[in-house]
Visitor: 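One structure follows; several queries about it will come next.
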Amino acid sequence: MVTPAGEPVPKAQKKKLVKAMLKDFRLRATAAEKEAAEAEKAAAAAAAAEAAAAVVLVEDPTLPAAQLLKLRDLKPELAGTRVRVQAWAHQIRRESKKLMFIVLRDGTGFLQAVFTGDMCGTQDALDLNREATIDVRGTLHPDERARGGLELRVDFFELIGASPAEIESVVRYDSGRDVVADNRHLFLRQERPAQILRIRSALQHYFRQHFFDTDVHEVTPPTLVQTHCEGGSTLFKLDYYGTEAYLTQSSQLYLETACPALGDVYCMLPSYRAEKSRTRRHLSEYLHLEAEFAFCSFDGLLDRVEAMICSVVDQLQADPKWAALIKETRKDGKLVDLPRPFRRMDYTDALAWLQEHGVYKDEEAKIFYQYGDDIPEAPERFMVDTIGEPIMLCRFPSGMKSFYMSRVKDAEGNDTDLTESVDVLMPGVGEIVGGSSRFWQEQELLDGFKRAGIDPATYYWYTDLRKYGGFPHCGFGLGVDRFLCWLLQIHHIRDAVLYERTVGRCKP
């Protein structure tokens, strides 16, 4: 090997040149091999497509007519029956060119279907991906290994709606939180999210059933309002035909006005809080169960809230279907153990408990929480988790609560600084209920407006409730989403709703 000038190439340079030539040769060989492999793959795909095109499925007219059923209706006694189901392909497992297993899902249940022979070789079968919808017919057979104890041996199927292969990469087990949230519409199809939503549906039913059984009427107050009851700083404002309006923080005030007409009332509607909290228990839009009880004392309110919670949990878990699903969804695999009666603790007792257990407001300065301090989420959660049972935390100072809450009376019947208020705390979640006795006399309500700096003119209809036949009454609000988190041991509240509305998240 010589240079262009005819001189011998230095040994080191010669080594580099040889190495470069070998690398180029390998790259060319690799490219050729890749091109050949791709050509072979294309030829195989073309041959498979040609073979698949030659396979035409025809339903055997000699078979019994297939009965169209939902998966929930498939029982062991139907073994040997020819059925028809329409469902999504939840899981696909191809064992060979002549054998394929598909787990079907239709929203009511799951069923393993076995495809054999030519059915596995049609173009629709070859192109079938997870989440495609198919119309399947076949005979049910008992199989202890299959979910539900049955499998479907398919004799005919048709593709209803295709699903591209990219479905496998849209949401993966290692996808980030934003990817999962952006694709919540697809993530919902997984088993745990669907189970949570099913139990949520049943939970809402049993709340309604409890109120129906106790003669409490459901009403639907407006959610576009021009008043507030929880402080103006957390309002979502909007232009309502040229006037300022808000998305409701609470339906409480409207519920109170319905009591003289209907007696005890409730609603289950969305409420909105423009509170920039990024905790695992806060939503900007949440499902709010609220009730108002006419001629009800504060102790009566506590009794009714406890009775409602216990009734709903008991009825839900008494149904074998929901009990099984709850155990399957909870991390501990158990039903909820709900100690009763609930522990009732005053705010001042909670301060003493925190001091006894060394919980400081300022750890570095060793300053404890004092009267008038709001107890934040962390120490509140520590207390209820340590005690390990529901707590009805009662009688907060007036400075911490809303303008409409009645005061605790002293021995002489005079108002104290404490309110007839309650927060229900649950282990693992914290506060799920807030309630109180309401001001029911006109002057004390006007005084409340004044202390809160609220113009009573906009609230004329609410004031009229006291002007024309005031009456003692109490009410509460319960966060259904938080309640579900407690019931099912859900870590983050976003997993308890269909689509989360949180700070920075308003899609899809």
Side-chain angles (χ1 to χ4, degrees), residues 219-267 269-275 288 290-298 301 372 374 395-410 413-423 434-477:
V219 295
T220 51
T223 54
L224 288 172
V225 301
Q226 291 185 309
T227 56
H228 65 82
C229 60
E230 299 296 336
S233 63
T234 61
L235 288 167
F236 282 107
K237 298 179 181 180
L238 54 94
D239 181 276
Y240 187 74
Y241 303 113
T243 62
E244 188 173 77
Y246 319 106
L247 294 177
T248 187
Q249 298 171 312
S250 167
S251 296
Q252 174 202 319
L253 307 188
Y254 292 96
L255 285 176
E256 290 183 53
T257 67
C259 287
L262 299 172
D264 298 341
V265 293
Y266 81 99
C267 69
L269 294 170
S271 285
Y272 305 86
R273 301 285 172 91
E275 184 178 358
H288 206 178
E290 299 180 88
E292 292 293 323
F293 305 126
F295 303 106
C296 179
S297 67
F298 181 63
L301 172 68
D374 186 22
R395 301 176 182 87
F396 292 85
S398 60
M400 298 170 54
K401 290 296 181 180
S402 297
F403 68 89
Y404 51 76
M405 294 187 180
S406 297
R407 301 295 181 87
V408 174
K409 307 292 184 183
D410 61 19
N414 299 315
D415 287 347
T416 67
D417 183 52
L418 297 174
T419 56
E420 290 187 330
S421 53
V422 59
D423 288 350
S436 73
S437 300
R438 319 305 196 187
F439 282 148
W440 62 275
Q441 293 179 337
E442 183 178 8
Q443 189 56 53
E444 61 182 359
L445 179 61
L446 292 173
D447 291 341
F449 284 139
K450 185 176 181 180
R451 285 191 297 270
I454 295 173
D455 181 1
T458 312
Y459 294 78
Y460 72 92
W461 50 273
Y462 188 60
T463 308
D464 279 355
L465 189 64
R466 281 80 181 163
K467 182 177 180 180
Y468 300 104
F471 59 99
H473 57 286
C474 300
F476 72 87

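Quick caveat, the model's predicted, so the values are computed rather than measured.
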Visitor: Please tell me if the side chains of C267 and L255 come closer than 4.5 Å, counting only heavy atoms from C-beta onward.
Guide: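 Yes, close enough: below the 4.5 Å cut-off.
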
Visitor: Would Y266 and E290 satisfy side chain to side chain donor-acceptor pair (under 3.5 Å), going step by step from the backbone distance to the final call?
Guide: CA-CA 5 Å; Y266 81 99; E290 299 180 88; over 6 Å; no

Visitor: Is the backbone N or O of S436 less than 3.5 Å from a side-chain atom of S421, with the two atoms forming a donor-acceptor pair by type?
Guide: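 Answer holds: no.
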
Visitor: Would you kindly say whether Q226 and Y240 are connected by a side-chain donor-acceptor distance under 3.5 Å?
Guide: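 No.
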
Visitor: If the plane angle is over 60° it's perpendicular, under 30° parallel, otherwise tilted; pick one for F449 and Y459.
Guide: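 Aromatic pair F449/Y459 classed tilted.
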
Visitor: Taking side chain as C-beta onward, heavy atoms only, is D239 less than 4.5 Å from E244?
Guide: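 With C-beta onward as the side chain, the pair stays apart.
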
Visitor: Check for a donor-acceptor pair, side chain of R451 on one end and backbone N or O of G399 on the other, with a separation under 3.5 Å.
Guide: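 No.
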
Visitor: Do any N or O atoms from the side chain of D264 and from the backbone of A294 form a donor-acceptor pair under 3.5 angstrom?
Guide: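 The answer is yes, because a donor-acceptor pair under 3.5 Å joins these two groups.
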
Visitor: What residues, two or more places apart in sequence or in another chain, satisfy salt bridge (Lys or Arg N to Asp or Glu O under 4.0 Å) together with K467?
Guide: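 For K467, no residue satisfies salt bridge (Lys or Arg N to Asp or Glu O under 4.0 Å) once neighbours in sequence are set aside.
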
Visitor: Does anything in residues 439-449 pair up under side chain to side chain donor-acceptor pair (under 3.5 Å), and if so which pairs, sequence neighbours excluded?
Guide: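 Pairs touching residues 439-449 that pass the test: Q443-D447.
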
Visitor: With a 4.5 Å cut-off on side-chain heavy atoms, are F476 and L301 touching?
Guide: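 Of all side-chain heavy-atom pairs linking F476 with L301, at least one is under 4.5 Å.
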
Visitor: Using 0.5 Å steps for rounding, measure from the CD atom of E256 to the CG atom of L465.
Guide: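 One gets 6.5 Å once the value is rounded to the nearest 0.5 Å.
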
Visitor: Say whether S398 and D417, considering side chains only, have a donor N or O and an acceptor N or O under 3.5 Å apart.
Guide: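 Present: a donor and an acceptor within the cut-off.
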
Visitor: Kindly indicate whether the side chain of F298, heavy atoms from C-beta on, has any atom under 4.5 Å from the side chain of V408.
Guide: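 Result no, sub-4.5 Å side-chain heavy-atom pair not found.
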
Visitor: Would you indicate whether the side-chain heavy atoms of L446 and T463 approach each other to under 4.5 Å?
Guide: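 The answer is yes, as the side chains (C-beta and beyond) meet within the 4.5 Å cut-off.
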
Visitor: Between R273 and S271, do the side chains contain an N or O donor and an N or O acceptor separated by less than 3.5 Å?
Guide: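 The criterion, which ignores hydrogens and geometry beyond distance, is not satisfied for S271 and R273.
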
Visitor: Indicate yes or no: at least one non-hydrogen side-chain atom of E292 is less than 4.5 angstrom from one of C259.
Guide: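 Yes - at least one pair of side-chain heavy atoms lies under 4.5 Å apart.
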
Visitor: Would you say the ring centers of F236 and Y246 fall short of 6.0 Å from each other?
Guide: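 No, the ring of F236 stays outside the 6.0 Å limit from the ring of Y246, centre to centre.
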
Visitor: Does the S402 side chain pair with the main chain of Y404, one donor and one acceptor, at a distance under 3.5 Å?
Guide: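 It does not hold such a pair.
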
Visitor: Under the ring-ring contact (aromatic ring centres under 6.0 Å, His included) test, which residues partner F295, sequence neighbours left out?
Guide: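 F295 satisfies ring-ring contact (aromatic ring centres under 6.0 Å, His included) with F471 only.
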
Visitor: In terms of side-chain geometry, is the basic nitrogen of D374 or K401 positioned less than 4.0 Å from the acidic oxygen of its partner?
Guide: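 Here D374 does not pair with K401 in a salt bridge, since their nearest N and O are not under 4.0 Å apart.
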
